[in-house]
Number of protein chains: 2
Amino acid sequence: MILANDDALRLLQLRLGAHKPFGVAERELLASLPWRVEDMPARRSFVREGDKPKHSCLILQGLLARARYTVEGQRQILSIHVPGDMPDLQSLQVPHMDHDLETVVPSRIAFVPHAELRRVCDASPLLASSLWRESLIDAALHRAAIFRNGQLEAEARLAHFLCEMYLRHKAVGLADDGGFDLALSQQLIGDVLGLTLVSINKAMQALRARELIRMEKGHVDVLNWNSLSRLGQFDGAFLHLEEKDASLAATG
Amino acid sequence: MILANDDALRLLQLRLGAHKPFGVAERELLASLPWRVEDMPARRSFVREGDKPKHSCLILQGLLARARYTVEGQRQILSIHVPGDMPDLQSLQVPHMDHDLETVVPSRIAFVPHAELRRVCDASPLLASSLWRESLIDAALHRAAIFRNGQLEAEARLAHFLCEMYLRHKAVGLADDGGFDLALSQQLIGDVLGLTLVSINKAMQALRARELIRMEKGHVDVLNWNSLSRLGQFDGAFLHLEEKDASLAATG
DNA sequence: CGAAAATTTGAAGCGTGTCAATGGGCGTGG
DNA sequence: CCACGCCCATTGACACGCTTCAAATTTTCG
């Protein structure tokens with residue numbers, strides 16, 4: 001359990017410190033956060049629409065989905081989250097949940113009380129702005145989804161989604177050269193892309209036939225990144241993964 | 001021009017202070033922000049994808065759209081913004097724009113330098129968290145759009161959108177009992193909902209035939225809010241317009 | 001008043017949804 | 001060890017919503 005707590009700290013430092021290098025004060029504040037780690041089976045909805053959570057979570061292992069349901073019970077997945085993400089960080093400032101948070105595969109989740117997050121944010125504007133920035137990248141993912149689901153047809157939509165998943169896995173060291181694990185059923189991908197599993201199946205076969213990807217047994221191989229990203233009109237810049245730009249430092 | 005500057009301050013105080021009442025310090029910091037006000041004609045794209053703006057803006061009058069374009073030139077509108085909104089607040093923390101920002105109708109926009117926003121955020125964690133919260137409500141709008149465009153068919157999608165526009169106009173005093181001005185062409189609404197103008201036209205007539213709305217000459221009358229919001233599966237809670245809850249104060 | 005933009009209408013085509021059935025992979029339990 | 005059941009992937013036929021293309025009409029605005 002101590003180990004899992006260290007994992008949380010390491011992941012968070014990696015994520016937040018990538019953009020703005022932290023000083024000693026920020027590192028100590030981060031290390032002071034008390035995490036509660038929990039292992040959960042697949043398909044567990046542990047935060048519900050309407051809830052007012054008192055914690056935010058950090059994914060250590062696995063995959064989470066944020067989802068809303070129609071009155072007919074159809075699921076729209078709003079986003080898929082990978083280790084290192086804090087998918088309900090927004091509940092810190094906007095207490096009322098407008099969607100569910102559920103595991104996709106068996107996952108290890110670390111929880112931290114909102115009160116503790118507020119404490120470190122108040123103590124360090126730099127840390128606060130880092131967390132703020134994280135939630136803004138989350139919004140950028142949402143915008144990519146609106147664009148993808150609104151303007152691309154099935155094949156391109158799937159290509160776009162796989163491009164995003166690949167880069168986000170790679171950014172946290174969960175993808176090797178051209179391949180990564182992604183245990184999503186076609187039904188679930190349909191719920192992400194606003195399509196039925198039949199359409200996903202056809203689109204998947206089309207991508208395979210074009211030799212752009214290989215996807216089986218929960219593993220994806222990207223065979224032709226250039227063609228895949230072109231087909232999906234995918235621009236990785238919105239993920240804001242590698243901002244080496246120091247221009248933020250300007251204050252006058 | 002001085003008057004317009006006061007308008008910006010008043011709008012911002014109204015928006016940010018609605019959730020957490022500010023003290024003297026916060027009011028003085030807000031009043032110290034130097035705004036540059038500009039009037040712009042309709043359809044002017046004044047921030048572009050790829051830009052790294054040095055200012056954020058506040059809408060004083062008019063309507064703005066955030067949009068991305070496909071390689072074929074099709075426009076997907078990501079969100080529509082009303083007076084009081086700060087649609088490119090995110091550029092403060094994530095400099096690289098992933099979409100355009102354009103006027104829909106002739107609009108009056110107030111600009112404030114990022115450096116000044118950072119100054120007041122560093123001076124007051126309360127102000128910072130208020131702005132953070134604004135950007136999170138923005139993300140909630142995005143999620144509503146993903147749900148709406150992914151799961152609802154044309155009529156319901158339009159109903160959902162009109163519900164959102166009505167509440168957001170009402171929240172800033174731009175709607176009277178059951179009616180508000182909304183000068184959006186059907187083509188533009190199509191770009192919001194991921195549909196063609198032909199579909200929008202059919203859906204609009206259907207809503208009129210059901211006597212749910214009346215929409216002509218840039219004015220919308222909501223004739224039957226209950227039926228309209230039910231049809232659109234619209235839940236106004238995600239707008240987070242009236243959080244009277246004081247539970248945020250807890251820190252232990 | 002005239003030109004441009006927006007709304008309206010109709011017909012035909014295509015992408016996706018729906019319905020239904022088959023087969024494969026895998027964990028559970030006999 | 002095999003049988004069973006469940007979940008998932010696959011396939012085909014058909015229906016439907018939306019798109020596309022085209023043209024007429026109304027509204028807006030300089």
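When distances run from any side-chain atom of B:Thr196 to the nucleotides D:dT19, C:dT9, C:dT7, the shortest one goes to D:dT19. Out of C:dA6, D:dT19, D:dC8, the shortest distance to the side chain of A:Ser185 is found at D:dC8. Side-chain proximity of A:Leu195 to D:dC8, C:dG17, C:dT9: nearest is C:dG17. The side chain of B:Val198 lies closest to D:dC21, out of D:dA9, D:dC21, C:dT8. Residue B:Ser199 has its side chain nearest to D:dT19 when only C:dG17, D:dT19, D:dT10 are considered. The side chain of B:Glu153 lies closest to D:dG17, out of C:dT9, D:dG17, D:dT11. Distances were taken from every side-chain heavy atom of A:Leu197 (C-beta onward) to each of D:dG12, D:dT10, C:dG10; the shortest belongs to D:dT10. Closest to the side chain of A:Ala154, out of C:dT7, C:dT16, D:dT11, is C:dT16.
Rounding to whole angstrom units, CG of residue A:Leu184 and P of D:dC8 are separated by 11 Å. Counting to the nearest Å, the C1' atom of D:dC18 and the CG atom of B:Asn149 are 14 Å from each other. For the pair A:Ile189 CD1 and D:dT10 P, the computed distance is 11 Å after rounding to whole Å. Between B:Ile200 atom CD1 and C:dT9 atom P there is a gap of 16 Å when expressed in whole angstrom units. The separation between A:Met204 atom CE and D:dT11 atom C1' is 16 Å, rounded to whole Å. When the P atom of C:dT7 is taken as reference, atom CE of B:Met215 falls 8 Å away, rounded to whole Å. Following rounding to the nearest Å, A:Arg157 (CZ) and C:dT16 (P) show an atom-to-atom distance of 7 Å. Here D:dC18 presents its C1' atom at 17 Å from CD of B:Gln151, a figure rounded to the nearest Å.
A sub-4.0 Å separation between OP1 or OP2 of D:dT10 and a side-chain N or O of A:Gln186 is present. Look at B:Arg208 and you'll find a side-chain N or O under 4.0 angstrom from OP1 or OP2 of C:dT8. A close approach under 4.0 Å does occur between a side-chain nitrogen or oxygen of A:Gln205 and OP1 or OP2 of D:dT11. Within the structure, a side-chain polar atom (N or O) of B:Asn201 is placed less than 4.0 Å from OP1 or OP2 of C:dT8.
B:Asp7 has no carboxylate O lying under 4.0 Å from a charged side-chain N of B:Arg108, or vice versa, which leaves the two without a salt bridge. In this structure, B:Arg157 does not pair ionically with B:Glu153, as no charged nitrogen and carboxylate oxygen lie closer than 4.0 Å. Taking a cutoff of 4.0 Å between a charged side-chain nitrogen and a carboxylate oxygen, B:Arg75 and B:Glu102 qualify as a salt bridge. Residues A:Arg66 and A:Glu49 are not paired through a salt bridge, judged by the lack of any N-O separation under 4.0 Å between the basic side chain and the carboxylate.
Counting only distance, with no hydrogens or angles, the side chain of A:Arg208 and the backbone of A:Arg214 share no donor-acceptor pair below 3.5 Å.
Note on B:Gly194: only backbone sugar-phosphate atoms sit closer than 4.0 angstrom, heavy atoms only; bases stay farther off. Among the atoms of the strands shown, only primed sugar atoms or phosphate atoms (P, OP1, OP2) are found under 4.0 Å from some heavy atom of B:Lys217.
Below 30°, between 30° and 60°, or above 60°: for A:Phe111 and A:His55 the angle between ring planes is above 60°, a perpendicular geometry.
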